[in-house]
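One-based numbering, in listed order, for ligands and for the atoms of each.
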Amino acid sequence: MDCIFCKIASQQIPARVAFENDRIIAFHDLFPQAPTHILVIPKTHYSTLNDVPASESALLGEMVRTAILIARELDFADNGYRVVMNCNQDGGQSVDHIHLHLLAGRQLTWPPG
Ligand code: DGP
């Protein structure tokens, strides 16, 4: 499978890793949109949110829990942060392997545009 995030998960491509376990890896975004911009991904390949079966709901929960854990560990949980998942073209998804953006370190605007 020619997927850049699968290659990061299997260490074929380097990344600055913030967290890893058997199911999840989190790494710093190459093109950060905030002082802290980390991507939380499952090691299992799902192209978009639409492709995640209901039986994998716990995996989606674990991605969010991982973002909370990192926010606490990097000490921006109290100041605040944003988690975002983009889906398909109108959602602004550019990499077809689901990922949760964790953004922090500045006042984030809303709506995002
Ligand atoms: P999205 O547009 O929601 O699909 O977000 C994809 C993000 O992935 C985007 O913010 C840039 C980031 N990205 C793309 N290629 C790489 C890469 O090779 N390494 C890292 N660390 N991030 C990447």
Which pairs of nitrogen or oxygen atoms, taken one from ligand 1 and one from the protein, are under 3.5 angstrom apart?
| from | atom 1 | to | atom 2 | distance (Å) |
| --- | --- | --- | --- | --- |
| ligand 1 | 2 (O) | G92 | O | 3.0 |
| ligand 1 | 2 (O) | S94 | N | 3.4 |
| ligand 1 | 2 (O) | S94 | OG | 2.9 |
| ligand 1 | 3 (O) | N86 | ND2 | 2.7 |
| ligand 1 | 3 (O) | H99 | NE2 | 2.9 |
| ligand 1 | 3 (O) | H101 | NE2 | 2.8 |
| ligand 1 | 4 (O) | S94 | N | 2.6 |
| ligand 1 | 4 (O) | S94 | OG | 3.2 |
| ligand 1 | 4 (O) | V95 | N | 3.0 |
| ligand 1 | 4 (O) | H99 | NE2 | 2.9 |
| ligand 1 | 5 (O) | H99 | NE2 | 3.0 |
| ligand 1 | 5 (O) | H101 | NE2 | 3.3 |
| ligand 1 | 10 (O) | D29 | OD1 | 3.2 |
| ligand 1 | 10 (O) | D29 | OD2 | 2.5 |
| ligand 1 | 21 (N) | H28 | O | 2.9 |
| ligand 1 | 21 (N) | L30 | N | 3.4 |
| ligand 1 | 22 (N) | L30 | N | 3.2 |

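Residues passing the ring-ring contact (aromatic ring centres under 6.0 Å, His included) test with H37, sequence neighbours excluded: H101. Qualifying salt bridge (Lys or Arg N to Asp or Glu O under 4.0 Å) partners for R23, counting only residues two or more places apart in sequence or in other chains: E62. With sequence neighbours excluded, no residue forms a salt bridge (Lys or Arg N to Asp or Glu O under 4.0 Å) with E73.
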List the steps, then state whether side-chain contact (heavy atoms from CB on, under 4.5 Å) holds for F19 with I25. CA-CA 6 Å; F19 172 90; I25 185 166; over 6 Å; no
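One distance of note links CG of L39 with NE2 of H97; it measures 10.5 Å at 0.5 Å rounding. Rounding to the nearest 0.5 Å places CE of M85 at 10.5 Å from CD1 of I41.
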